[in-house]
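The block underneath contains the structure these notes are about, expressed in structure tokens.
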There are 2 protein chains.
Amino acid sequence: MANIKETSVIQENKSNAFAACPVTFVVERIGGYWKPIILFNLLTGTKRYHELRKSVPGITEKVLIQQLKQLEADHLVTRISKPVVPPYVTYELSSQGKALRPILLAMAEWAVGHGGEQSAQFEKQLADFPGEE
Amino acid sequence: MANIKETSVIQENKSNAFAACPVTFVVERIGGYWKPIILFNLLTGTKRYHELRKSVPGITEKVLIQQLKQLEADHLVTRISKPVVPPYVTYELSSQGKALRPILLAMAEWAVGHGGEQSAQFEKQLADFPGEE
DNA sequence: ACAAGTACTTACCCAATGGTATGTTCAACT
DNA sequence: AGTTGAACATACCATTGGGTAAGTACTTGT
């Protein structure tokens with residue numbers, strides 16, 4: 001988990017919700033704006049840092065690294081670093097991470113059905129939805 | 001959507017990501033800590049305000065109302081108010097909201113498989129997963 | 001010497017979400 | 001008159017998420 005003040009009321013309230021609900025268990029791990037799209041992009045397979053940065057429009061380096069660290073801490077993503085210079089680092093979904101695919105797929109399916117004017121675009125992406133069937 | 005400063009850089013960065021990804025389209029609507037658990041609780045059917053408040057441990061009134069307003073604005077939740085006193089208000093999933101069930105179910109399934117010591121508890125809740133099959 | 005490539009880190013500040021306390025409305029009840 | 005019930009609203013503050021700018025490390029190339 002991220003570095004959060006553990007004694008804050010906000011965290012306590014969230015802990016109460018957390019204990020009760022499988023949905024919240026997942027949201028604690030993949031929630032927020034950027035994690036789902038990062039995970040989605042990693043469904044296509046291993047990516048180097050700069051590949052990932054390019055495939056997630058609008059994300060800053062700081063936030064990308066931050067999110068990747070959190071995903072790694074939760075064992076959803078595996079970071080592999082070669083001992084070379086320039087640095088050579090790749091990120092890939094762990095087995096736990098890959099198991100998230102049905103969630104992301106369900107999301108994409110919902111987007112196709114309810115995306116309004118973007119549905120056609122989403123439908124194309126659904127046809128080529130990355131990762132194993 | 002919530003009342004957000006529309007010209008901020010944060011929003012602009014998120015807009016860039018938004019245009020590209022069905023997953024992000026969904027996260028824009030059900031993202032954050034509290035929305036998924038609220039939606040999950042509404043899967044069981046129509047609920048009055050105080051019922052909802054009780055079924056989401058740790059949420060403050062302010063946040064609950066705020067989140068419900070956002071969910072209503074995105075047409076995922078329907079709020080029905082009777083013209084009586086004391087006030088009598090119910091919330092239920094719209095058809096769009098009900099269509100989110102597979103996402104929440106996929107989450108619960110993932111939690112069962114990866115919830116560690118809580119998996120047994122989650123499995124019980126999965127067996128009784130609310131809403132239509 | 002300087003620039004480039006790669007993958008980060010840190011400091012400071014702003015944006016967004018969430019918490020606490022107080023208040024509103026109106027009818028019914030004590 | 002004061003209290004209760006139900007569903008909120010508002011003001012102000014706290015916490016968390018995100019952005020910008022500058023920097024780090026080390027090798028290689030110009």
Side-chain angles (χ1 to χ4, degrees), chain A residues 1-18 24 27-28 30-38 46-54 56-72 77 79-91, chain B residues 1-18 24 27-28 30-38 46-54 56-72 77 79-91:
Chain A
M1 283 295 278
N3 297 324
I4 300 172
K5 182 176 176 182
E6 297 194 359
T7 55
S8 78
V9 174
I10 292 180
Q11 291 311 312
E12 190 176 335
N13 283 348
K14 288 183 173 178
S15 293
N16 289 335
F18 171 76
T24 304
V27 170
E28 288 254 355
I30 72 167
Y33 191 83
W34 298 107
K35 280 179 188 152
I37 187 172
I38 291 169
T46 302
K47 276 189 159 64
R48 293 192 59 185
Y49 169 77
H50 77 271
E51 282 180 287
L52 210 42
R53 200 183 65 213
K54 280 191 303 183
V56 184
I59 198 167
T60 62
E61 298 203 287
K62 178 202 172 181
V63 170
L64 176 56
I65 288 159
Q66 201 172 49
Q67 303 293 316
L68 284 169
K69 280 193 169 186
Q70 289 171 21
L71 290 168
E72 194 188 354
V77 164
R79 177 181 176 277
I80 300 166
S81 170
K82 286 186 183 174
V84 296
V85 170
Y88 188 105
V89 176
T90 57
Y91 294 89
Chain B
M1 284 294 283
N3 297 323
I4 299 173
K5 184 177 178 182
E6 296 196 359
T7 55
S8 78
V9 173
I10 293 181
Q11 291 312 313
E12 190 178 333
N13 283 347
K14 288 184 174 178
S15 292
N16 288 334
F18 171 77
T24 303
V27 170
E28 287 256 353
I30 71 167
Y33 191 82
W34 298 107
K35 281 178 187 147
I37 186 172
I38 292 169
T46 302
K47 276 187 157 69
R48 293 192 60 183
Y49 169 76
H50 78 270
E51 282 181 288
L52 211 38
R53 202 184 62 210
K54 278 191 305 183
V56 184
I59 198 167
T60 62
E61 298 203 291
K62 179 205 172 182
V63 169
L64 177 56
I65 289 160
Q66 198 172 54
Q67 303 294 316
L68 285 168
K69 277 195 170 184
Q70 288 172 22
L71 290 168
E72 192 187 355
V77 165
R79 174 181 178 279
I80 299 166
S81 170
K82 285 186 181 173
V84 296
V85 172
Y88 189 103
V89 175
T90 57
Y91 293 91

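A note on names: the letters A, B, ... follow the listed sequences, proteins ahead of strands, and every chain is numbered from 1.
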Atom of Pro36(B), atom of Val27(A) and distance for their closest heavy-atom approach
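Pro36(B) and Val27(A) have their closest heavy atoms at CG-CG2, 3.5 Å.
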
Summarise how protein sits on nucleotides 18-24 of chain C as a single string, 5' to 3': B when a protein heavy atom is under 4.0 Å from the base, S for sugar-phosphate-only contact, - for no contact.
BBB----

Distance check, rounded to the nearest 0.5 Å: [X] atom [atom1] versus [Y] atom [atom2]?
X	Y	atom1	atom2	answer
Ile59(A)	Lys14(B)	CD1	NZ	10.5 Å
Leu64(B)	Arg53(B)	CG	CZ	8.0 Å
Lys35(A)	Gln66(A)	NZ	CD	9.0 Å
Arg79(A)	Leu71(A)	CZ	CG	13.5 Å
Gln70(A)	Ile38(A)	CD	CD1	9.0 Å
Tyr88(B)	Ile80(B)	OH	CD1	10.0 Å

Report the residue (Pro87(B) or Thr90(A)) whose heavy-atom-nearest nucleotide on DNA chain C is the more 5′ of the two.
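Its nucleotide being nearer the 5' end, the pick is Thr90(A).
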
Nearest listed nucleotide, side chain of Gln11(B), among dA16(C), dA7(D), dT27(D):
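Within the option list, the nearest is dA16(C).
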
Without decimals, in angstroms, what is the distance between [X] [atom1] and [N] [atom2]?
X	N	atom1	atom2	answer
Glu28(A)	dT16(D)	CD	C1'	14 Å
Ile65(B)	dA9(D)	CD1	C1'	8 Å
Tyr91(B)	dA6(D)	OH	P	14 Å
Leu64(B)	dA6(D)	CG	P	15 Å
Gln70(A)	dT16(D)	CD	P	12 Å
Arg79(A)	dA7(C)	CZ	P	9 Å
Arg48(A)	dT6(C)	CZ	P	6 Å
Leu71(A)	dG17(D)	CG	P	13 Å

Of Val85(A) and Tyr49(B), whose nearest nucleotide on DNA chain D comes first from the 5' end?
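Looking at the nearest nucleotide for each, Tyr49(B) comes out on the 5' side.
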
Check whether any side-chain N or O of [X] sits under 4.0 Å from OP1 or OP2 of [N], and answer yes or no.
X	N	value
Lys69(B)	dA9(D)	yes
His50(A)	dG5(C)	no
Arg53(A)	dT6(C)	no

Criterion side chain to side chain contact (heavy atoms under 4.5 Å, CB included) on Trp34(A) and Thr24(B), from CA distance to verdict:
CA-CA 8 Å; Trp34(A) 298 107; Thr24(B) 303; over 6 Å; no

Rounded to 10 degrees, the angle between the two terminal axes of the helix from dA1(C)-dT30(D) to dT30(C)-dA1(D), each from five pairs:
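Axis-to-axis angle, ends of the helix: 40°.
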
Would Tyr91(B) and Glu51(B) count as having a side-chain donor-acceptor pair, cut-off 3.5 Å?
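No, no side-chain donor-acceptor contact under 3.5 Å.
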
